[in-house]
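Single-structure report; data block below.
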Amino acid sequence: PSAQAVESRVIQMVDDYKGKSFQLVAISPNSPGAIRINELGYSVYGDTLEDMKLHANQRGFNFPYLFDGETQQVSLAYGALATPHIFIFDKARRLQYSGRVDDSKYADTSLIKAHDARNAIEALLTGTPVPVATTRPHGCSTKWADKKEAVANFEAEFKQRPVTVELIDANGVRALAKNASEKLRLVNLWSITCGPCIEELPALVEIARQFETRDFELITISTDRPAQQKAVQKMLQRNHVAMPKLTEESVREEGRMTNNFIFDGGTDDLAAALDPKWQGLNPYSILIAPKGEIIFRHDGEIDPSELKTKIVDYLGRFYQP
């Protein structure tokens, strides 16, 4: 969130100093294998090189964006502590400033009181001493490769989490649709006889895990017959559609024991209880905001990037003051 908050400022910085003997290069220091998936709760994309390309294109980067996550040699040499962490050199390649871009971790530029990086650039361009040479960077810590084991343990712990499924009737679905919680709910209708439904389950699980630290949860509702509960349970288990730890805690606070259900009733009953615009085909996904407003509908297999973008647009990409 801190790095994304300054992106527009960095883009503006490049524009403002165009043609003034200034060059900015961005480097991602993070090892992708050292990042827990729930550390990406403010992001659409991760920190792989391919994801970086997608993010840079989406955000309109006007500067080179380089990947150091494989060896991290450059990041170690610079001593990059956090993202963002800026290093400014003079024309002789001597370090003249290191630290934060400015004193605000928020996207709102009106909250900035100290333009530390800009002050350093202005000083160097005018041949005057840099007023403040060092500041403390603020942002997410660099994800060094030695954290890979901890991430592997995190993944192993998730695989041990139970996968549960229960029957739900129209009244239960209606309560879910009203969404009296403070969470954004992704409700997915699926069936064990639907190939695209099963194909997208791993992506749905990833999304549920990615946003578990935010006000978000995934709820699956099988349209199979209640008598097929064992088969539904088996398919959910095979794709490990378990609740992340933080999601489970919030669900239990609401008095529920699971987020996986089989609907006990007909198609028309389900549509009336959940979303009358559903035509009865699977898969079908909707995003329900608190108080029951449906802010996104999708017939068919989801595009994970599109869905994540909708989620992040609602939850926010930055810290809020």
Review point. Would the number of heavy atoms belonging to other residues, nucleotides or ligands and lying under 6.0 Å from NZ of Lys147 be above 12?
Key: yes
**Study point:** Any Thr213 side-chain heavy atom under 4.5 Å of Leu246 side chain
**Key:** yes
Point to revise | Short N-O contact, Asp15 and Lys18, less than 4.0 angstrom | key: yes
Exercise for review: Decide yes or no on salt bridge (Lys or Arg N to Asp or Glu O under 4.0 Å) for Glu212 and Arg36, but give the supporting numbers first.
Suggested key: CA-CA 11 Å; Glu212 74 162 309; Arg36 297 193 313 272; over 6 Å; no
Review point. So, do Met257 and Thr164 sit near enough that their side-chain heavy atoms are less than 4.5 Å apart?
Key: no
Review point. Side chains of Lys148 and Ser31: does their closest heavy-atom pair fall under 4.5 Å?
Key: yes
Check your understanding: Can you check whether Leu176 reaches Ile288 side chain to side chain, under 4.5 Å on heavy atoms?
Key -> no
Practice item. Let me see the working for Tyr97 and Phe89 under ring-ring contact (aromatic ring centres under 6.0 Å, His included), right down to the final yes or no. Key: CA-CA 7 Å; Tyr97 174 82; Phe89 297 82; over 10 Å; no
Check your understanding: Considering the options Glu155, Glu39, Glu248, which one meets the salt bridge (charged side-chain N to carboxylate O under 4.0 Å, His left out) requirement together with Arg209?
Key -> Glu155
**Study point:** Joint cluster assignment, Leu218 & Ile192, ILVMFWY side-chain distance < 4.5 Å
**Key:** yes
Practice item. May I ask you to say whether Arg185 pairs ionically with Glu254, meaning some side-chain N is under 4.0 Å from a carboxylate O? Key: yes
Exercise for review: Check whether any side-chain heavy atom of Thr309 sits under 4.5 Å from a side-chain heavy atom of Gln58, and report yes or no.
Suggested key: yes
Check your understanding: Do other residues, nucleotides or ligands put more than 12 heavy atoms under 6.0 Å from the CD atom of Glu306?
Key -> yes
Exercise for review: Check the surroundings of atom CG in Asp16: do more than 12 heavy atoms from other residues, nucleotides or ligands lie under 6.0 Å from it?
Suggested key: yes
Practice item. Return yes when atom OH of Tyr78 has more than 12 non-hydrogen atoms of other residues, nucleotides or ligands closer than 6.0 Å, and no otherwise. Key: no
Review point. Is Asp102 salt-bridged to Arg9, going by a charged N under 4.0 Å from an acidic O?
Key: yes
Point to revise | Phe216-Phe158 co-clustered via ILVMFWY side chain contacts under 4.5 Å | key: yes
**Study point:** Same apolar cluster (I L V M F W Y, side chains within < 4.5 Å links), Val165/Ile221
**Key:** no
Review point. Would Val74 and Leu95 show up in the same hydrophobic cluster when neighbours are defined by side-chain heavy atoms closer than 4.5 Å?
Key: yes
Review point. So do the side chains of Pro32 and Phe67 get within less than 4.5 Å of each other, counting heavy atoms only?
Key: yes
Exercise for review: Determine, using the 4.5 Å side-chain heavy-atom cutoff (strictly less than), whether Val232 and Ile198 are members of one ILVMFWY cluster.
Suggested key: yes
Review point. Less than 4.0 Å between a side-chain N and a carboxylate O, is that true for Asp116 and Arg100?
Key: yes
Check your understanding: Looking only at atom types and distance, does a side-chain atom of Asn119 sit under 3.5 Å from a main-chain N or O of His115, one as donor and one as acceptor?
Key -> yes
Check your understanding: Does the pair Arg256/Glu217 count as a salt bridge with the N-to-O cut at 4.0 Å?
Key -> yes
Review point. Is Glu182 salt-bridged to Lys291, going by a charged N under 4.0 Å from an acidic O?
Key: no
Study note, to complete from the structure: In short, Ala145 meets Ala34 closest at the heavy-atom pair CA-CB, 4.3 Å
Review point. Hey, are His55 and Glu7 close enough side-chain-wise for a donor-acceptor pair under 3.5 Å?
Key: yes
Practice item. Report yes if the side chains of Met52 and Tyr45 come closer than 4.5 Å at any heavy-atom pair, otherwise no. Key: no
Exercise for review: Using a strict cut-off of less than 4.0 Å between a Lys/Arg side-chain nitrogen and an Asp/Glu carboxylate oxygen, indicate whether Arg297 and Asp275 qualify as a salt bridge.
Suggested key: yes
**Study point:** Heavy atoms from other residues, nucleotides or ligands near CD of Gln237 exceed 12 (cutoff 6.0 Å)
**Key:** yes
Check your understanding: Just by distance, with hydrogens left out, do Thr220 and Asn188 show a side-chain donor and acceptor under 3.5 Å apart?
Key -> no
